[in-house]
Amino acid sequence: MSHEENQFRVALDSALKDFGLEPLSEKQSNQLIGHYSMLQRWNRRTNLTRIIEPREAARFHYAESLLGARFINGARSLLDIGSGAGFPAVPIAIARPDVEVVALEANQKKSLFLNEAKDELGLGNFKVATARLESFDLSRFGLLASRALDRAEELLPSVVGQLGERQRLMLYCSPDLVSKLERAVNARIKVETHSIPQAASRIIAIFSRD
């Protein structure tokens with residue numbers, strides 16, 4: 001294991017404790033380290049994320065993504081809209097092998113990274129859909145999620161407006177975006193919010209039909 005990978009393992013264990021999350025199995029920890037190692041390699045030639053330092057990545061990308069697994073409840077399938085480097089899709093797929101996780105990513109290079117991560121990490125419950133949100137059928141997923149979607153203010157109102165009776169949308173976002181979506185959506189919706197530890201300006205918001 002490289003020095004940075006070892007730093008990441010220590011930082012991840014610390015972040016999980018700070019977030020009040022259960023410890024991972026050895027296999028799950030190794031899969032997350034494997035994803036982080038891939039992220040480092042790919043980021044040298046493809047801009048997947050600006051946050052790559054072990055401690056920051058462990059807290060902001062991985063622990064924050066894993067926090068979302070608390071809100072899966074009874075959903076059997078999750079769609080990560082605009083998955084990018086795989087957050088929250090990859091950590092949730094690792095933590096919850098019983099849930100079908102699909103990463104929706106229109107960018108070809110990012111989609112290729114996600115497919116290689118699926119193969120390298122051996123994620124049997126993880127799939128990649130290379131498509132644009134506007135042309136993708138969201139209806140079969142119990143839980144929709146999004147963490148860093150480009151043009152979120154423009155695209156997300158229609159997602160919220162289309163939510164089925166048993167569907168929920170989980171956003172990692174600012175309170176300001178929640179307020180904007182509530183004003184923009186012409187439908188009766190319910191929103192519950194949850195704080196993210198040590199993140200003053202970010203929350204997890206769960207949208208559902210009222």
Salt bridge Glu100-Arg140, side-chain N to carboxylate O under 4.0 Å: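 So Glu100 pairs with Arg140 through a salt bridge.
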Salt bridge flag under 4.0 Å for residues Arg41 and Glu120: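 Answer for the salt bridge query: yes.
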Can you measure from [atom1] ([X]) to [atom2] ([Y]) and round to the nearest 0.5 angstrom?
X: Leu39; Y: Thr46; atom1: CG; atom2: OG1; result: 10.5 Å
X: Ser208; Y: Arg168; atom1: OG; atom2: CZ; result: 8.0 Å
X: Leu177; Y: Leu181; atom1: CG; atom2: CG; result: 4.5 Å
X: Leu169; Y: Leu143; atom1: CG; atom2: CG; result: 8.0 Å
X: Leu12; Y: Glu5; atom1: CG; atom2: CD; result: 12.5 Å
X: Glu22; Y: Lys17; atom1: CD; atom2: NZ; result: 12.5 Å

Quiz item: cation-pi between Arg44 and Trp42, 6.0 Å / 45°: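 Output no; distance or angle outside limits.
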Residues that Asp176 engages under side chain to side chain contact (heavy atoms under 4.5 Å, CB included), provided they are two or more places apart: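 Asp176 satisfies side chain to side chain contact (heavy atoms under 4.5 Å, CB included) with Ser174, Lys180 only.
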Common cluster, Leu133/Met170, ILVMFWY with side-chain heavy-atom separation under 4.5 Å: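 No, because Leu133 and Met170 fall into different hydrophobic clusters, even though each may have its own neighbours under 4.5 Å.
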Asn30 and Arg9 side chains, donor-acceptor separation under 3.5 Å: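 Yes.
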ring-ring contact (aromatic ring centres under 6.0 Å, His included) contacts in which one or both residues fall within residues 60-106, not counting sequence neighbours: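 Applying ring-ring contact (aromatic ring centres under 6.0 Å, His included) to every pair that reaches into residues 60-106, excluding sequence neighbours, yields Phe8-Tyr62, His35-Tyr62, His35-Phe87, His61-Phe87, Tyr62-Phe87, Phe71-His194.
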